[in-house]
Amino acid sequence: MQEERTVGTVPVHHQIADELRSRIASGQLQPGDKLPTIAELTKAWDCAPLTARKAIEVLREEGRITGGRGKAPTVRGATARTPIRLADGWTQKQKDLVLRPAEERKVMGAIELTAGVPIAECESTAKYRETEANAEQAEIFGLPEGTKLIERVYEMVHKTTGVRMTWSVSYIPLQYIESNPELLDDSNEPWPGGHQHQLYTVGIELIEFSRSVIAVQPTPGERQKWAMEVGTPMLHTLSKSIDVEGRVVEYSEARYPADRTEIRMTEHLKRWTPEQLAEAADAAGDA
C-alpha cells in the first residue's frame, strides 16, 4: 500500500519522516535494517540534530521502527497476526460445545475458538468480585443503577515468554446467576465450555451476540505486559450477550494489540431467487 505523505507546509522533521517511511514501504529499508544515524540525517537534510531526532520519533510513534535506550533505531519487521473471529461462526461452535461432554469442553474453550491459542501453552487466571452497576452499565443491562454485578477479570499469559496473550473483563447481574453458587467462585475457573456453559447451568440460553471494536492508546503498564512497541494502539472489543428473552445477561470487554491482531468478520448473503431476477429484468425492460 502506498504511504501518504504529509501535505501543506511541511516541517523538516516530517519531510525526513516521509522520506524514510517511503524507503521502508518500497523495501529500500528492510526489516532489521538500521536507519541513517542522526549525524547522517543532519548532514543530508542540512538540519539540526533535534530535527532529525524528531523525525525518528515520528516513525517510532507510528510503530514502524524499534530501538531506543542506547540501541540504534531499526526497521520493525512484520508481526504475526492472530485472527480474532468476531462473526465467523465461533460463537455457534461455542454454543454447540455447551451440550458436549465435560472432557471435550475442557480442551476447547473460548480462547481456543477465537484466537487459536492452544490452552496448554498459556497460564490462565480469573478474579471475581462483587460490584454495583454504574449509570453506563445500568443502561446496558436495562436494570436500575446500583444493581449488584459480578465482575470477572480474565488473563492468559504465555508460559514460556511471560507475555500477556489475552485479557478481558465481564459483568453479569448477580440475580441471573446466584442460584448456582459455583458461578460466584473464581476457583472454578477455567470453566469447561466457557461462559455459555456457565449460563446454561442456570437455565440461560444465548441467542445473540452484539459486538463493536474501538481503538485506544494503551498505558505504559499495558505496553509492558503485552510487550508492545510505542505507537501501537489497543483494540477494545465490546460484547453483549443476549438471551432468548431479549435480556443483556453479560457485558464484556476484551483487549488485543492492534499490530498482532486480525479481526475477521464473515457475513453470508442469500442468493437471489429466479423470481427476483425475473422481476428485475422486467423492470429494466420497462425502463
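Computation of the quantities below employed the complete heavy-atom set of this structure, encompassing side-chain atoms and omitting hydrogens, waters and symmetry-equivalent molecules. What you are looking at is a predicted structure, and each value in this text was computed from that prediction instead of being measured.
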S.K.: Testing the basics here: between His14 and Val58, what is the closest heavy-atom pair and its distance to 0.1 Å?
M.R.: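 The answer is CE1-CG2, 4.0 Å.
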S.K.: For residues Val248 and Phe141, report the shortest heavy-atom separation together with the two atoms involved.
M.R.: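 Shortest heavy-atom contact: O-CD2, 3.1 Å.
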S.K.: Consider only side-chain heavy atoms of I, L, V, M, F, W and Y, link residues closer than 4.5 Å, and tell whether Val202 and Leu206 are in one cluster.
M.R.: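 Yes, Val202 connects to Leu206 through the hydrophobic network.
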S.K.: The criterion is side-chain contact (heavy atoms from CB on, under 4.5 Å); which residues satisfy it with Thr131, sequence neighbours excluded?
M.R.: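 side-chain contact (heavy atoms from CB on, under 4.5 Å) check on Thr131 returns Arg129, Leu149, Glu151, Tyr171.
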S.K.: Under 3.5 Å, which donor-acceptor pairs do the side chains of residues 173-186 form with other protein atoms, sequence neighbours left out?
M.R.:
unit_1, atom_1, unit_2, atom_2, d
Asn180, OD1, Glu182, N, 3.1
Asn180, ND2, Thr201, OG1, 3.0
Asp185, OD1, Ser187, N, 3.0
Asp185, OD1, Ser187, OG, 2.8
Asp185, OD2, Ser187, OG, 2.9
Asp186, OD2, Tyr128, N, 3.0

S.K.: Can you confirm whether Gln217 is buried at CD, in the sense that more than 12 heavy atoms of other residues, nucleotides or ligands lie under 6.0 Å from that atom?
M.R.: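 More than 12 within 6.0 Å, yes.
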S.K.: Distance-only, no hydrogens or angles: does the Thr261 side chain make a donor-acceptor pair with backbone N or O of Pro257 under 3.5 Å?
M.R.: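 Yes; judged by distance alone, with no hydrogens or angles, the pair exists.
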S.K.: Tell me every residue that passes side chain to side chain donor-acceptor pair (under 3.5 Å) with Arg223, counting only those two or more places apart in sequence or in another chain.
M.R.: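 Result, side chain to side chain donor-acceptor pair (under 3.5 Å) vs Arg223: none returned.
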S.K.: Going by ring-ring contact (aromatic ring centres under 6.0 Å, His included), name the residues that satisfy it together with Tyr200, two or more places apart in sequence or in a different chain.
M.R.: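 If we apply the ring-ring contact (aromatic ring centres under 6.0 Å, His included) test to Tyr200, skipping adjacent residues, the hits are His197.
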S.K.: Roughly how far apart are Glu205 CD and Ile242 CD1, rounded to 0.5 Å?
M.R.: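 If I round to the nearest 0.5 Å, the distance is 13.5 Å.
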S.K.: Taking the side chain as everything from C-beta on, heavy atoms only, tell me whether Ile38 gets closer than 4.5 Å to Arg53.
M.R.: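 Ile38 reaches Arg53 side chain to side chain.
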S.K.: Specify the closest pair of heavy atoms between Gln276 and Trp272, including all atoms of both residues, with the distance to one decimal.
M.R.: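 Shortest heavy-atom separation between Gln276 and Trp272 comes out as OE1-CA, 3.4 Å.
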S.K.: To the nearest 0.5 Å, tell me how far Glu279 CD sits from Asp282 CG.
M.R.: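 Glu279 CD to Asp282 CG: 8.0 Å, rounded to 0.5 Å.
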S.K.: Within this structure, what is the CD1-CD1 distance for the pair Ile204 and Ile172, rounded to the nearest 0.5 Å?
M.R.: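 Result: 7.5 Å between the selected atoms.
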S.K.: Return the set of residues passing salt bridge (Lys or Arg N to Asp or Glu O under 4.0 Å) with Glu145 (not counting sequence neighbours), or none when no residue passes.
M.R.: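 Partners of Glu145 by the salt bridge (Lys or Arg N to Asp or Glu O under 4.0 Å) criterion come out as none, since no residue qualifies.
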S.K.: What distance do Met228 atom CE and Met234 atom CE have between them, rounded to the nearest 0.5 Å?
M.R.: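 So the CE of Met228 and the CE of Met234 are separated by 4.0 Å.
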S.K.: Looking at Lys240 and Glu208, is there a salt bridge between them, counting it only when a charged N and a carboxylate O are closer than 4.0 Å?
M.R.: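 No, no charged N to carboxylate O under 4.0 Å.
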S.K.: Can you tell me how far the CD atom of Glu155 sits from the CH2 atom of Trp167, to the nearest 0.5 Å?
M.R.: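 Interatomic distance, Glu155 CD to Trp167 CH2, rounded to 0.5 Å: 9.0 Å.
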S.K.: State which residues pass salt bridge (Lys or Arg N to Asp or Glu O under 4.0 Å) with Glu130; sequence neighbours excluded, sorted by chain then number.
M.R.: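 In terms of salt bridge (Lys or Arg N to Asp or Glu O under 4.0 Å), with neighbours along the sequence ignored, Glu130 is linked to Lys148.
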S.K.: In chain order, what residues pass the side-chain contact (heavy atoms from CB on, under 4.5 Å) check against Asn134, with sequence neighbours excluded?
M.R.: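 With neighbours one apart ignored, the set is Glu136, Gln137.
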S.K.: Any carboxylate oxygen within less than 4.0 angstrom of a Lys/Arg side-chain nitrogen, looking at Glu57 and Arg60?
M.R.: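 A salt bridge links Glu57 with Arg60.
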S.K.: Ignoring hydrogens, what is the shortest heavy-atom contact between Ala133 and Pro144? Give both atom names and the distance.
M.R.: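 For Ala133 and Pro144, the tightest heavy-atom pair comes out as CB-O, 4.4 Å.
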S.K.: Under the salt bridge (Lys or Arg N to Asp or Glu O under 4.0 Å) rule, collect the residues that match up with Glu222, sequence neighbours excluded.
M.R.: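 Expected list: Arg255.
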S.K.: When you group the ILVMFWY residues by side-chain heavy-atom contacts below 4.5 Å and let the links chain together, are Trp45 and Ile56 in the same group?
M.R.: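 Linked, Ile56 and Trp45 end up in one cluster.
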S.K.: Leu59 and Ala17: which non-hydrogen atoms are nearest, and at how many Å?
M.R.: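 Heavy-atom minimum between the residues: CD2-O, 3.8 Å.
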S.K.: Write out all pairs satisfying salt bridge (charged side-chain N to carboxylate O under 4.0 Å, His left out) with one or both partners inside residues 25-37, taking only residues at least two apart or from two chains.
M.R.: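 Passing the test, one end in residues 25-37: no pairs.
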S.K.: List in chain and number order the residues that pass side-chain contact (heavy atoms from CB on, under 4.5 Å) with Gln28, two or more places apart in sequence or in another chain; answer none if no residue qualifies.
M.R.: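 Gln28 satisfies side-chain contact (heavy atoms from CB on, under 4.5 Å) with Arg23, Ser26 only.
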S.K.: Using the rule given for side chain to side chain contact (heavy atoms under 4.5 Å, CB included), can you reason through Tyr154 versus Thr166, listing the C-alpha separation, both sets of side-chain angles and the distance that settles it, and then say yes or no?
M.R.: CA-CA 8 Å; Tyr154 298 96; Thr166 66; over 6 Å; no
S.K.: I'd like to know whether CD of Glu253 has more than 12 heavy-atom contacts from other residues, nucleotides or ligands below 6.0 angstrom.
M.R.: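 It does: Glu253 CD has more than 12 such atoms within range.
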S.K.: Once salt bridge (Lys or Arg N to Asp or Glu O under 4.0 Å) is applied, do any residues pair with Arg247, and if so which ones, sequence neighbours excluded?
M.R.: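 Checked Arg247 against salt bridge (Lys or Arg N to Asp or Glu O under 4.0 Å); matches are Asp243, Glu245.
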S.K.: How long is the span from the NZ atom in Lys127 to the CZ atom in Arg152, to the nearest 0.5 Å?
M.R.: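 So the NZ of Lys127 and the CZ of Arg152 are separated by 16.0 Å.
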S.K.: Assigning hydrophobic clusters by single linkage (Ile, Leu, Val, Met, Phe, Trp, Tyr; side-chain heavy-atom cutoff under 4.5 Å), is Leu235 placed with Val163?
M.R.: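 Per the 4.5 Å side-chain linkage, Leu235 and Val163 are not co-clustered.
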S.K.: Once side-chain contact (heavy atoms from CB on, under 4.5 Å) is applied, do any residues pair with Ser252, and if so which ones, sequence neighbours excluded?
M.R.: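 Scan of Ser252 (side-chain contact (heavy atoms from CB on, under 4.5 Å), adjacent residues dropped) gives Ser170, Ser239, Glu250.
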S.K.: Ignoring hydrogens, what is the shortest heavy-atom contact between Thr232 and Ala258? Give both atom names and the distance.
M.R.: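 Smallest heavy-atom distance, with atoms named: CG2-N, 4.2 Å.
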